[in-house]
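We number each residue from 1, following the sequence as shown.
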Amino acid sequence: MKLTIVGGGGFRVPLVYGALLAKRERLPFDEVVLHDLDQDRMERMATVLHGLAEERGEELPFRATTALDDAVEGADFVFSAIRVGRLEGRVVDESVPLSIGVLGQETTGPGGICFALRTIPAMVHLAETIADKAPSAWLINFTNPAGMVTEAAQQVLGDRVVGICDSPSGLCRRVARALGLRPEQMWFDYFGLNHLGWLKGAHDAERDRLPELLADDTKLGGFEEGRLFGGDWLRALGMIPNEYLYYFYEDAVAHMGESPRGAYLLESQAAFYEQNGQNPAEALQAWRATRAERDRTYMAAERLAAGVEADHDDGGDGGGYEGEAMAVVEAIANNTRAIMILNTANRSALPFLDERAVVEVPCIVGRTGPVPVAVGPVPAHAQALVTTIKDVERTTIEAARHDSPELAVRALALHPLVPSVTAARKIFEGYRNRLPELADRFA
Ligand code: G6P
Ligand code: MN
């Protein structure tokens with residue numbers, strides 16, 4: 001079995017490699033290939049991976065290449081976690097809207113639209129390469145904005161593209177823990193789009209336990225989303241939103257300050273990548289320290305704005321980004337028919353969207369890939385927001401595929417977090433001014 005990791009110099013690659021080491025028995029990959037355009041970053045990561053293997057006394061050989069055809073050829077699974085324009089691009093995505101008082105965030109709002117405009121052509125190219133060199137491979141997509149990117153890649157590869165995010169499963173684990181239950185014993189009615197979802201039911205063998213959780217301020221105070229949104233608003237909704245809904249429900253911009261999160265990450269990761277030349281153990285230690293800082297500061301501004309003091313937590317063992325990735329591979333390779341919340345084509349899971357719309361819902365995952373379950377009717381406000389954002393996403397995909405400035409402005413202007421057409425035009429102008437590649441394409 002061959003696994004290709006596209007974006008092999010990326011910061012989260014050691015998480016995936018660590019999970020591969022841990023799952024060796026169940027996932028016998030005999031070839032692992034890292035691909036990245038940047039040889040230096042990939043070497044730095046390779047050293048960290050050697051550090052991990054040494055520490056565990058295990059071996060999982062891998063090679064690294066900058067040639068995409070070679071990396072992808074004959075793969076069974078391709079993981080994609082690329083950042084087109086790197087963190088420098090994220091800084092632009094976030095700071096341009098912030099400069100006129102509009103939300104500046106990696107995936108939500110204008111930042112996500114600009115990120116998608118940059119990323120979609122690269123992902124379509126990857127999908128076409130897979131269609132050519134590894135037509136039976138599964139593309140497991142972490143590349144953000146994951147919903148839009150997955151839908152664009154599906155236009156080439158159909159259902160063999162699966163989009164992943166760690167936030168829905170994290171929410172479910174935190175809710176289970178708050179209730180004193182084990183998540184694998186429960187059913188979670190979660191629905192929406194990537195970074196735009198709600199938990200509307202959390203069932204154990206007897207009943208839906210969400211109402212009792214919503215009624216209990218102490219329990220709600222014990223986990224992130226409970227603290228972020230507060231009991232009163234959660235009871236008004238009757239659901240628990242994904243943490244990214246914070247940007248729709250609160251005036252996050254007022255608390256974000258001038259320097260976007262991307263700038264902080266750029267600085268801390270640049271310091272890590274510059275230490276090339278360390279031995280594997282040192283490299284691993286440096287990576288862990290940088291990673292711990294990232295976790296500690298994740299959504300810190302938002303938590304501060306909500307008056308929340310505790311740190312981010314991922315809800316306990318067995319999950320996270322890498323856990324999700326391995327669970328998908330395991331479910332497909334071993335036909336386990338596991339239940340996971342994934343980004344996949346709707347079929348009719350959300351009856352108000354068409355069948356090709358990529359949605360984020362519980363799926364049964366086996367040899368033939370994820371099959372979404374029927375979610376059924378949802379509250380009108382959620383349906384309205386999902387419908388609006390799906391239209392923005394599709395307009396963005398079209399804009400990216402046809403290099404259309406008109407469609408790009410339309411996507412920005414129709415996003416509920418952009419206050420006016422004038423603001424949308426200013427933001428797009430700002431993006432073009434600061435990103436030469438965008439200026440060329442969207443002339
Ligand atoms: C979560 C989301 C990812 C996102 C990340 C951002 O894990 O699910 O999609 O990329 O947060 O975290 P960062 O530390 O880069 O702000
Ligand atoms: Mn995500």
Basic-acidic side-chain contact under 4.0 Å: [X], [Y]:
X	Y	answer
Arg235	Asp232	yes
Glu184	Arg182	yes
Glu88	Arg434	no
Arg90	Glu94	yes
Arg209	Asp204	yes
Lys390	Glu151	yes
Arg347	Glu355	no
Lys426	Glu429	no
Glu406	Arg410	no

Quiz item: Lys200 and side-chain contact (heavy atoms from CB on, under 4.5 Å): which partner among Leu237, Ile240, Val375?
Solution: Val375

Self-check item: Positive for side-chain contact (heavy atoms from CB on, under 4.5 Å) with Ile341, one of Cys165, Cys172, Ser167
Solution: Cys172

Exercise. Walk me through it: do Tyr431 and Leu117 pass the test side-chain contact (heavy atoms from CB on, under 4.5 Å)?
Key: CA-CA 11 Å; Tyr431 285 150; Leu117 292 176; over 6 Å; no

Is the backbone of [Y] close enough, under 3.5 Å, to the side chain of [X] for a donor and an acceptor to pair up by distance?
X	Y	answer
Asp36	Thr66	no
Gln154	Val161	yes
Thr150	Asn343	no
Ser420	Ala423	yes
Gln105	Thr107	yes
Arg41	Phe11	no
Thr143	Ser80	yes
Asn346	Leu353	yes
His402	Ser404	no

[atom1]/[X] to [atom2]/[Y] distance, rounded to the nearest 0.5 angstrom?
X	Y	atom1	atom2	answer
Phe77	Leu3	CZ	CG	8.5 Å
Met239	Phe229	CE	CZ	11.0 Å
Trp138	Arg160	CH2	CZ	4.5 Å
Ile332	Thr368	CD1	OG1	8.5 Å
Leu15	Met326	CG	CE	9.5 Å
Arg86	Leu266	CZ	CG	10.0 Å

Is it true that [Y] and [X] share a donor-acceptor pair across their side chains at a distance under 3.5 Å?
X	Y	value
Asn242	Tyr190	yes
Arg401	Gln155	yes
Thr290	Ser268	no
Glu330	Thr336	no
His195	Thr108	no
Glu225	Tyr246	no

Lys NZ or Arg CZ of [X] over [Y] ring: under 6.0 Å, within 45°:
X	Y	value
Arg44	Phe272	yes
Arg174	Phe223	no
Arg294	Tyr298	yes

Practice problem: List the steps and the verdict of side-chain contact (heavy atoms from CB on, under 4.5 Å) for Asn194 and Asn144. | Solution: CA-CA 9 Å; Asn194 180 235; Asn144 267 327; 4.0 Å; yes

Quiz item: Under the salt bridge (Lys or Arg N to Asp or Glu O under 4.0 Å) test, which residues partner Arg118, sequence neighbours left out?
Solution: Asp93

Exercise. Carefully, step by step, assess Thr129 and His125 under the rule side-chain contact (heavy atoms from CB on, under 4.5 Å).
Key: CA-CA 6 Å; Thr129 307; His125 173 65; 3.8 Å; yes

Quiz item: Yes or no on salt bridge (Lys or Arg N to Asp or Glu O under 4.0 Å) for Arg83 and Glu106, after CA distance, side-chain angles and deciding distance?
Solution: CA-CA 11 Å; Arg83 189 176 283 285; Glu106 180 194 20; 2.8 Å; yes

Quiz item: Is Glu212 atom CD crowded by more than 12 heavy atoms from other residues, nucleotides or ligands, each under 6.0 Å away?
Solution: yes

Quiz item: How far apart are the closest heavy atoms of His35 and Met42, and which atoms are they?
Solution: C-SD, 3.7 Å

Practice problem: Using the ring-ring contact (aromatic ring centres under 6.0 Å, His included) rule, take Phe191 and Trp198 through it: C-alpha gap first, then chi angles, then the decisive distance, then the call. | Solution: CA-CA 6 Å; Phe191 71 94; Trp198 297 262; 5.4 Å; yes

Quiz item: So among Phe142, Tyr321, Tyr17, which one has a ring pair (Phe, Tyr, Trp, His ring centres under 6.0 Å) with Phe79?
Solution: Phe142

Exercise. Evaluate the criterion side-chain contact (heavy atoms from CB on, under 4.5 Å) for residue pair Val13 and Trp287; output intermediate values, then yes/no.
Key: CA-CA 11 Å; Val13 167; Trp287 175 79; over 6 Å; no

Practice problem: Test salt bridge (Lys or Arg N to Asp or Glu O under 4.0 Å) on Asp354 and Arg394 and set out the steps. | Solution: CA-CA 12 Å; Asp354 67 78; Arg394 285 184 155 165; 2.5 Å; yes

